[in-house]
Student: 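Sharing a structure with you now.
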2 protein chains.
Amino acid sequence: MPETPRRPVGLSGTRYGNRPTMKDVAARAGVGLKTVSRVVNGEPGVTPETERRVQEAIDALGFRRNDSARVLRKGRTASIGLVLEDLADPFYGPLSRAVEEVARAHGALLINGSSAEDPDREQELALALCARRVDGLVIIPAGDDHRYLEPEIKAGVATVFVDRPAGRIDADCVLSDNFGGAREGVAHLVAHGHRRIGFIGDMPRIHTAAERLRGYRAAMEDAGIPVEDAWMSLGATDPGRVRRAAEEMLSGPAPVTAVFSGNNRVTVTVIRVLAEQARRVALVAFDDLELADLLQPGVTVVAQDAAAIGRTAAERLFQQLDGTLVAPERIELPTRLITRGSGELPPAD
Amino acid sequence: MPETPRRPVGLSGTRYGNRPTMKDVAARAGVGLKTVSRVVNGEPGVTPETERRVQEAIDALGFRRNDSARVLRKGRTASIGLVLEDLADPFYGPLSRAVEEVARAHGALLINGSSAEDPDREQELALALCARRVDGLVIIPAGDDHRYLEPEIKAGVATVFVDRPAGRIDADCVLSDNFGGAREGVAHLVAHGHRRIGFIGDMPRIHTAAERLRGYRAAMEDAGIPVEDAWMSLGATDPGRVRRAAEEMLSGPAPVTAVFSGNNRVTVTVIRVLAEQARRVALVAFDDLELADLLQPGVTVVAQDAAAIGRTAAERLFQQLDGTLVAPERIELPTRLITRGSGELPPAD
DNA sequence: CCCGCATCTGACAACGTTGTCCAGGCCCTA
DNA sequence: TAGGGCCTGGACAACGTTGTCAGATGCGGG
């Protein structure tokens with residue numbers, strides 16, 4: 001994605017086009033303004049004859065109700081905002097879709113934006129959405145301080161954090177069991193005889209990355225294996241860096257015999273590197289991949305259910321709006337270990 | 001994605017929360033309404049001292065400008081709508097992200113919705129977006145009649161169709177060269193000695209599917225190969241159907257020796273089926289896949305550049321809004337044949 | 001024939017912002 | 001010191017809709 005010049009989110013320029021309003025319709029139909037409103041909204045108390053005249057005028061003028069004005073009057077926008085990291089990431093597509101589906105079921109539209117993992121951009125987006133008066137906000141946090149949302153939440157904007165917890169405020173959040181999933185995945189490798197197990201993850205300032213790392217450490221400790229620094233790579237997930245990290249831990253006198261990959265972006269690079277190795281290196285990856293079962297060997301993964309996460313978050317959001325909920329809660333969804341071969345390879349010393 | 005109950009897109013319920021308005025800020029700062037507006041919008045003509053007082057009041061009250069009201073007044077929403085088929089589809093993620101990026105560069109937000117390939121839902125969504133007075137609309141059509149948009153376009157809503165052309169109206173559209181790409185892909189198989197080549201595509205009522213089929217036929221005709229009905233499957237792309245179709249054309253006395261797969265959903269199933277076959281069957285697939293190069297053999301694909309398509313469409317949309325454009329145009333973006341092995345397999349008769 | 005009631009309709013204010021325009025105060029100059 | 005111009009600030013209308021409320025109309029019964 002190319003860097004595009006930034007311009008503050010806001011309005012500019014002049015009015016485009018000229019649309020008929022209810023007033024125009026009323027004039028044409030020879031009725032009052034409110035009668036048009038009644039017809040448009042299907043309210044009772046309009047004679048069939050009057051309704052027909054109004055409907056005709058509507059059709060003739062191509063009138064369409066202006067929901068902006070409606071929003072202003074009613075105070076609700078019937079739209080929710082979704083701030084995520086990158087819509088192009090295969091993990092967020094299904095998540096976003098699930099949120100949209102729930103929103104749709106509640107008659108709401110979805111506005112979304114990508115933070116590109118930039119806390120400032122996350123804040124800018126979230127506040128822009130609040131300025132639009134979205135009824136609720138689903139946020140996949142990039143930053144770790146969300147106090148800027150306090151006035152919004154106080155003002156009634158329903159808010160659910162997803163994938164990573166909110167920072168420095170008390171709010172609903174829906175997470176995967178990153179710790180448990182990673183621990184299970186690494187334990188799986190241990191169970192297949194591995195002791196020198198590498199971990200390649202994202203920057204630990206990202207909650208999921210930190211939790212998965214913690215899971216890795218826990219599993220190793222459970223197995224009584226002291227972890228060596230050379231086995232861990234915690235940093236950016238660009239292919240170059242991951243490749244170097246992988247190659248490094250696969251070389252030397254005591255190379256790792258298995259790798260635990262911390263997320264889907266890391267995984268694709270790791271798979272490439274492993275495919276180039278002479279010896280077979282075991283792999284368990286966090287996040288599922290579309291063709292994981294067709295590779296040789298199939299990739300054993302710790303799968304998150306992105307759709308379930310999105311659905312849960314959105315449902316909770318609307319529960320907040322319904323007033324069903326009282327206290328913020330932290331919901332952790334389980335992960336699922338799917339064995340396909342790569343995680344069951346024995347150590348090749 | 002589970003089917004969710006439908007509810008018409010619209011507003012309901014009562015106002016949530018109570019937010020401070022400019023009036024409140026003005027009262028607290030002891031200034032006039034318009035002065036607050038000036039400060040909020042960074043307009044000139046306010047003494048530093050007054051500005052400070054206003055800013056204090058804003059911070060104290062947690063005021064945030066209500067963009068709904070602003071929209072109503074200014075007539076522009078600084079938001080564009082994107083109607084696509086399914087956000088969870090890996091082809092649309094990058095496309096959506098590219099549109100968002102361009103929108104962001106123009107200070108606009110992106111509202112998007114999935115049509116789920118349902119024409120009614122497409123229309124419902126598009127009109128809901130128009131009611132929100134989006135400045136522009138990027139549509140990946142599900143239906144083939146878009147006359148319902150005529151009043152909107154006349155009223156000044158910029159509109160660009162993507163991936164498939166508009167139906168029965170004259171509008172900008174940005175497409176891949178589906179015909180050329182498919183023709184090239186099939187010709188590639190012919191060049192490697194194949195004559196019995198299967199085609200598994202989507203329903204021909206979908207423009208891209210029809211074009212790719214046309215490309216297939218053209219390439220076969222170029223090669224002087226009469227196409228047999230048994231070699232073609234044109235229907236839904238659910239795994240079951242695709243699997244049956246593939247297995248059918250791979251059996252019998254004169255099975256196909258190569259398959260051209262019409263889109264990414266078809267491809268994943270076809271790959272599975274081919275992997276189960278005793279003999280090696282060549283494959284060229286329309287649409288690239290994330291791990292295509294890591295499979296055995298690597299999958300030869302005709303790749304579309306989803307990001308470029310999205311970017312082009314969005315840029316054209318904003319050109320419409322700038323008044324730079326005059327007549328609707330049809331833009332076709334080239335595809336790219338990427339050889340990775342599966343398309344270069346010789347026929348195994 | 002008139003009253004009461006039910007039904008239908010429309011005038012008007014309000015939502016929160018921005019654009020227009022004018023008032024008042026200040027400073028500078030004659 | 002009076003007059004003119006400039007700068008700051010505010011009153012008011014307007015954007016297009018919906019909620020409130022009261023007026024108009026029609027009909028049946030007393």
Side-chain angles (χ1 to χ4, degrees), chain A residues 10-54 57-58 61 63-78 130-133 155-156, chain B residues 10-54 57-58 61 63-78 130-133 155-156:
Chain A
L11 307 168
S12 66
T14 54
R15 182 176 301 269
Y16 285 117
N18 245 343
R19 293 170 149 281
T21 69
M22 284 191 178
K23 205 164 131 190
D24 301 325
V25 174
R28 176 164 186 132
V31 301
L33 188 53
K34 181 65 211 204
T35 302
V36 177
S37 171
R38 272 192 270 263
V39 172
V40 168
N41 295 295
E43 289 170 24
V46 181
T47 357
E49 161 59 13
T50 310
E51 173 164 358
R52 195 190 51 71
R53 282 221 315 285
V54 171
I58 288 177
L61 296 173
F63 167 81
R64 189 104 49 207
R65 183 180 59 200
N66 183 335
D67 272 0
S68 290
R70 185 162 214 240
V71 158
L72 179 60
R73 191 62 234 257
K74 298 207 106 162
R76 292 195 62 181
T77 55
C130 288
R132 301 287 167 110
R133 295 292 187 269
Chain B
L11 307 168
S12 67
T14 53
R15 179 178 304 271
Y16 284 118
N18 246 345
R19 293 170 150 280
T21 71
M22 285 193 179
K23 205 162 130 191
D24 302 324
V25 175
R28 177 165 184 129
V31 301
L33 188 53
K34 181 66 211 205
T35 302
V36 177
S37 172
R38 271 192 272 263
V39 171
V40 168
N41 294 297
E43 290 170 22
V46 181
T47 2
E49 161 58 15
T50 309
E51 173 163 359
R52 195 189 51 72
R53 282 220 316 284
V54 171
I58 289 177
L61 296 173
F63 167 81
R64 189 103 50 207
R65 182 179 61 198
N66 183 334
D67 271 0
S68 290
R70 184 163 215 238
V71 158
L72 179 60
R73 190 63 234 259
K74 299 207 104 161
R76 292 194 64 183
T77 55
C130 289
R132 301 287 168 108
R133 293 295 186 268

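Chain A is the first sequence line, chain B the second, and so forth, proteins listed ahead of strands; every chain is numbered from 1.
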Student: What is the distance, rounded to the nearest whole Å, between atom CG of A/Asn66 and atom P of D/dA14?
Tutor: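 Atom CG in A/Asn66 sits about 18 Å away from atom P in D/dA14.
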Student: Within less than 4.0 Å of OP1 or OP2 of C/dT18, is there a side-chain N or O belonging to B/Arg70?
Tutor: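 Looking at the OP1 and OP2 atoms of C/dT18, one of them is under 4.0 Å from a side-chain N or O of B/Arg70.
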Student: Quick one, which residues of residues 25-40 of chain B touch DNA chain C with a heavy atom under 4.0 Å?
Tutor: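 Listed by number, they are B/Leu33, B/Lys34, B/Ser37.
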Student: Which nucleotide in the list D/dT8, D/dT17, C/dG16 gets nearest to the side chain of B/Thr47?
Tutor: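 My answer, after comparing the listed nucleotides, is D/dT8.
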Student: Can you check the A/Arg53 CZ to C/dC8 C1' distance for me, whole Å?
Tutor: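 About 12 Å, once rounded to whole Å.
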Student: For a quick test of reading the model, state the closest non-hydrogen atom pair linking A/Phe63 to A/Thr21 and the distance between them.
Tutor: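 For A/Phe63 and A/Thr21, the tightest heavy-atom pair comes out as CE1-C, 3.6 Å.
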Student: Can you check the B/Lys23 NZ to D/dG10 P distance for me, whole Å?
Tutor: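 That distance rounds to 15 Å.
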Student: Take the protein atom CZ of B/Arg76 and the nucleotide atom P of C/dT18, then report the distance between them rounded to whole Å.
Tutor: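 To the nearest whole Å, that distance equals 16 Å.
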Student: Nearest to the side chain of A/Met22, which nucleotide is it out of D/dT18, D/dG9, D/dG16?
Tutor: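 The nucleotide sitting nearest to the side chain is D/dT18.
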Student: What's the spacing between A/Arg64 CZ and B/Arg132 CZ if we round to 0.5 Å?
Tutor: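 That separation rounds to 14.0 Å.
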Student: Phosphate oxygens OP1/OP2 of D/dT18: is one of them under 4.0 Å from a side-chain N or O of A/Asn41?
Tutor: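 Indeed, a polar side-chain atom of A/Asn41 lies that close.
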Student: So which heavy atom on B/Arg28 is nearest to which on B/Ala57, and how close?
Tutor: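 Minimum heavy-atom separation between B/Arg28 and B/Ala57: CG-CB, 3.9 Å.
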Student: Between D/dG19, C/dT9, D/dT17, which one does the side chain of A/Val46 approach most closely?
Tutor: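 Among D/dG19, C/dT9, D/dT17, the one nearest the side chain of A/Val46 is C/dT9.
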Student: Is B/Lys74 close enough to C/dG19 that one of its side-chain N or O atoms is under 4.0 Å from OP1 or OP2 there?
Tutor: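 Answer yes for this pair, as a side-chain N or O of B/Lys74 is under 4.0 Å from OP1 or OP2.
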Student: Grab the CG-C1' distance between A/Asp67 and D/dG16 for me, whole Å please.
Tutor: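 In whole Å, D/dG16 C1' and A/Asp67 CG are 11 Å from each other.
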Student: To the nearest angstrom, how far is A/Leu72 atom CG from C/dG16 atom C1'?
Tutor: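 Checked: the CG to C1' distance equals 6 Å.
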Student: Could you give the CZ-to-P distance, from B/Arg133 to D/dG16, as a whole number of Å?
Tutor: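 For the pair B/Arg133 CZ and D/dG16 P, the rounded distance is 9 Å.
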Student: What contact category does A/Thr50 fall into here, base, sugar-phosphate, or nothing, at under 4.0 angstrom with non-hydrogen atoms?
Tutor: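 Counting heavy atoms under 4.0 Å across all strands, the contact made by A/Thr50 is with sugar-phosphate only.
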Student: Using a heavy-atom cut-off of under 4.0 Å over every strand shown, decide if A/Gly45 touches base, sugar-phosphate, or nothing.
Tutor: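 It contacts base atoms.
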Student: On a heavy-atom basis, which atom in A/Val36 and which in A/Val54 lie closest, and how many Å separate them?
Tutor: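 Minimum heavy-atom contact is CA-CG1, 4.2 Å.
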Student: Could you tell me which non-hydrogen atom of A/Ala69 sits nearest to which non-hydrogen atom of B/Leu72, and how far apart they are?
Tutor: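 Looking at all heavy atoms of both residues, the shortest contact is CB-CD1, 3.7 Å.
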Student: Using atom CZ of A/Arg64 as one end and atom C1' of D/dG16 as the other, report the distance to the nearest whole Å.
Tutor: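 Distance, rounded to whole Å: 16 Å.
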Student: Minimum heavy-atom separation for A/Val46 to A/Glu51, with atom names?
Tutor: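 A/Val46 and A/Glu51 have their closest heavy atoms at CG1-N, 3.7 Å.
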Student: Output the single nucleotide from D/dT17, C/dT9, C/dG19 whose closest atom is nearest the side chain of A/Phe63.
Tutor: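 Given the options D/dT17, C/dT9, C/dG19, the side chain of A/Phe63 is closest to D/dT17.
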Student: What pair of heavy atoms forms the shortest contact from B/Arg133 to A/Arg65, and how long is it?
Tutor: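 That closest heavy-atom pairing would be NH1-O, 3.5 Å.
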